[in-house]
Amino acid sequence: MNSSRLDAAPVAEVLAPFPWQMRHWQRLAEARRQDRLAHAYLLAGPSGVGKRAFAQRLAASLLCLEPDAEHLPCGRCAGCLLQRAGSHPDFNLLEPQPGKTQISIEAIRELCTALAHTAHQGRFRVAVIRPAEAMTPQSANSLLKTLEEPGAGVVLMLVSDRPLAIMPTLLSRCQRLDFSIPAEDQVRAWLGPCADDEVSMQRLRVLSGGAPLQIREFLNGDVTQRLDCLAGEVTGILVGATDPLMVANRWAKEEPLELVGLWMARLGEEWARLRILAPNRFPVLLDGASSRIQNVVTRADIEDVLAYTTYVRRVRLWLSHGVANRLGLLESLLVPLATGLRDFRHQEPASQTI
Ligand SMILES: [Zn+2]
């Protein structure tokens, strides 16, 4: 178990929830005004929407000795300063130890002992457990007693991308807060001027599934330029202007395979989705300026596109497990594109490459 520093972001941003989280924030502020905060919350939703940040901000608010009328923390009191220093005695962050994927029963027992003491500062004792599905069945069982009989002022927050993987007996004792992908306009307004490039934003939105924090992370790196490069190369392969073996060779040497795998998977999914729902539209991940590429993409047989999408998912998994034949796998992804995926459903590239 450890106390945690808040994210290394400007203080004002650390203290306030994201714009798309205000509904939950106001609901909790109202509950707090009426002195009916729950003892346990489940913060559930896809990755990249700010669940962890919300938990940190709620913790900061609860541990602040002088929050404002909206229950935003003041940032200056002893509670806030201890929290920012990562050493507040009433804040506990529980997550798997480095290199581990599970939260052990010993860690949960230690947490329960800490929560049994009275608060050192102020009124609340707060614990954030994430990802909550990392608790083993034994860990989850040992948390049950604290959930059933929490001391006064105890607030537990379970954060999870996969709430179905959490024991139902735990879920039933938590008040659930669902965090979903926010509206595109809201994300753009939050990102500000760096979201002005229309094509890049559309590509990042497809790549991230619309998750705002992931889009921001992509914008902060060189992902936008890499996406332009991947789009140009794969578009070139599809129209017969670029050698797929040459591209596979470059990717194997120069591109982060995690990004390539994600990009190819999203391309397959988007291609299949558009072939089914909007046959005349074009995947934004490609360069769609010429009628030639549009013809290739919109004429592909849906069965071939679906088979290809399934294959890309498998390759992505293999790449993530660090298989030796990376170049062969990338070639098996790119060569079929040179024929517009013709008859891909009858091919079995896996048997030749693994
Ligand atoms: Zn404060």
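Whatever order the structure lists them in is the order used to number ligands and atoms, beginning at 1.
Salt bridge status for R27 with E30: absent, with no side-chain N to carboxylate O gap under 4.0 Å. We find that E254 and R250 are joined by a salt bridge, their nearest charged nitrogen and carboxylate oxygen being less than 4.0 Å apart.
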Give the intermediate values and the outcome of salt bridge (Lys or Arg N to Asp or Glu O under 4.0 Å) for residues D228 and R203. CA-CA 9 Å; D228 290 345; R203 285 178 175 166; 2.8 Å; yes

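Both L171 and M135 are part of a single hydrophobic cluster, where members link through side-chain heavy atoms under 4.5 Å apart.
Shown here are the ring pair (Phe, Tyr, Trp, His ring centres under 6.0 Å) partners of F179, two or more places apart in sequence or in another chain: H24, F54.
Counting only protein N, O or S atoms closer than 2.8 Å to the Zn ion (ligand 1) gives 4.
Taking the six-membered ring where the residue is Trp, Y311 and W318 present perpendicular rings, their angle passing 60° and hence far from 30°.
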